[in-house]
Engineer: 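Sharing a structure below in structure tokens format, with a few things to ask.
Computed from heavy atoms alone, side chains included, the values below leave out hydrogens, waters and symmetry copies. The first residue in the sequence is number 1, and the count goes up from there.
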Amino acid sequence: MSGDRRVRRTRRIVQEALVALILEKGYDAVTVTDIIGRADVGRSTFYSHFTDKQDVLFSNLDELVFLHPVPATRSGELFAFSLPMFEHVREQRRLVRALLGRRGGGQVYARGEQLLSAVVRNELVAAGARASASLDLLVVCVVGAFMGLLRAWVDGEGTATPAELDAAFRAAIEPGVRATLGQE
């Protein structure tokens, strides 16, 4: 059991080192050597846990529950993921700023969009939308609005609460989505 604890501790130290470095100088400027130095681990220790800096980056995603949202459970409710995701981001703001903010890696942002797109698509299909090119465009619009609002918030471009962000997102998106679905 102590071996498992040491493994978790080493992985956490390396992950935290990457987050701190991203916030300081941006993902693209960070090297494995930087991470090793900040984490104060040996190169062989680093490579026994991770293959490269992107592996460290993606391992941080496992901790972000909001990138794996649960679809709506109440009938007729659209975008049930919104408020819980904003609340989780508030709790993990430093990590989210490093991963999804302007200094983070584009790969993480793209992965977040991909995961959220699947949730949005499933919700819209459950609400009556049919798979089509129009649905694909609608998903892009919804995800783009949500991720843009999220990124601006984590980068400090506003002091709104999660409830205020959720309300703004819904006010901007739901009328058009409901009109598209014929639920006006």
Engineer: Go through Y27 and Q54 one step at a time and tell me if the side-chain contact (heavy atoms from CB on, under 4.5 Å) criterion holds.
Structural biologist: CA-CA 9 Å; Y27 176 76; Q54 183 175 335; 3.6 Å; yes
Engineer: Any salt bridge (charged side-chain N to carboxylate O under 4.0 Å, His left out) pairs touching residues 132-145, not counting sequence neighbours?
Structural biologist: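 Of all non-adjacent pairs touching residues 132-145, those that pass salt bridge (charged side-chain N to carboxylate O under 4.0 Å, His left out) are R121-D136.
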Engineer: Are V125 and V142 connected, step by step, through hydrophobic side chains (Ile, Leu, Val, Met, Phe, Trp, Tyr) whose heavy atoms are closer than 4.5 Å?
Structural biologist: yes
Engineer: Where do S82 and D166 come nearest, in terms of heavy atoms and distance?
Structural biologist: OG-OD1, 2.6 Å
Engineer: With clusters defined by side-chain heavy atoms of hydrophobic residues (ILVMFWY) lying less than 4.5 Å apart, directly or transitively, does V140 cluster with V120?
Structural biologist: no
Engineer: Return the set of residues passing ring-ring contact (aromatic ring centres under 6.0 Å, His included) with F169 (not counting sequence neighbours), or none when no residue passes.
Structural biologist: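 By the ring-ring contact (aromatic ring centres under 6.0 Å, His included) rule, F169 matches F79, F146.
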Engineer: For the CG atom of L78 and the CG atom of L181, what is their distance to the nearest 0.5 Å?
Structural biologist: 6.5 Å
Engineer: For R43, what residues pass the side chain to side chain contact (heavy atoms under 4.5 Å, CB included) criterion, not counting sequence neighbours?
Structural biologist: V32, T33, I36, Y47
Engineer: Show your working on side-chain contact (heavy atoms from CB on, under 4.5 Å) between V19 and L23 and close with a plain yes or no.
Structural biologist: CA-CA 6 Å; V19 168; L23 290 171; 4.2 Å; yes
Engineer: Quick one: does V41's side chain get under 4.5 Å of H49's, heavy atoms only?
Structural biologist: no
Engineer: Supply the atom-to-atom distance S48 OG to R11 CZ, rounded to the nearest 0.5 angstrom.
Structural biologist: 9.5 Å
Engineer: Taking the side chain as everything from C-beta on, heavy atoms only, tell me whether M85 gets closer than 4.5 Å to L116.
Structural biologist: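 Contact flag for M85/L116 side chains = yes.
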Engineer: Are the side chain of D34 and the backbone of T31 linked by a donor-acceptor contact shorter than 3.5 Å?
Structural biologist: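 Answer holds: yes.
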Engineer: How long is the gap from CG on L149 to CG on L165, to the nearest 0.5 Å?
Structural biologist: 5.0 Å
Engineer: Locate the shortest heavy-atom distance separating I13 from A39; write the atom from each residue and the value.
Structural biologist: CG2-O, 3.4 Å
Engineer: Of all the heavy-atom pairs spanning Q15 and S59, show the shortest one and how long it is.
Structural biologist: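 Where Q15 meets S59 most closely, the heavy atoms are NE2-OG, 2.8 Å.
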Engineer: Roughly how far apart are D40 CG and T10 OG1, rounded to 0.5 Å?
Structural biologist: 11.0 Å
Engineer: Do K25 and V30 come within less than 4.5 Å of each other through their side chains, counting heavy atoms only?
Structural biologist: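 They are in side-chain contact.
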Engineer: Counting only N and O atoms by type, is there a donor-acceptor contact under 3.5 Å from the side chain of N122 to the main-chain atoms of A118?
Structural biologist: yes
Engineer: Can you tell me how far CZ of R90 sits from OG1 of T161, rounded to the nearest 0.5 angstrom?
Structural biologist: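 With rounding to 0.5 Å, OG1 (T161) is 7.5 Å from CZ (R90).
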Engineer: Could you report the tightest heavy-atom contact between P162 and W153, atom names first, then the distance?
Structural biologist: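 Between these two residues, the closest heavy atoms are CG-CH2, 4.1 Å.
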Engineer: State the CD-CG distance between E87 and L83, to the nearest 0.5 angstrom.
Structural biologist: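 Between E87 CD and L83 CG, I get 4.0 Å after rounding to 0.5 Å.
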Engineer: Do side-chain atoms of R38 reach the backbone of E16 as a donor and acceptor pair under 3.5 angstrom?
Structural biologist: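 It does not hold such a pair.
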Engineer: Main chain of L18, side chain of K53: is a donor-acceptor contact present, judged purely on distance under 3.5 Å?
Structural biologist: no
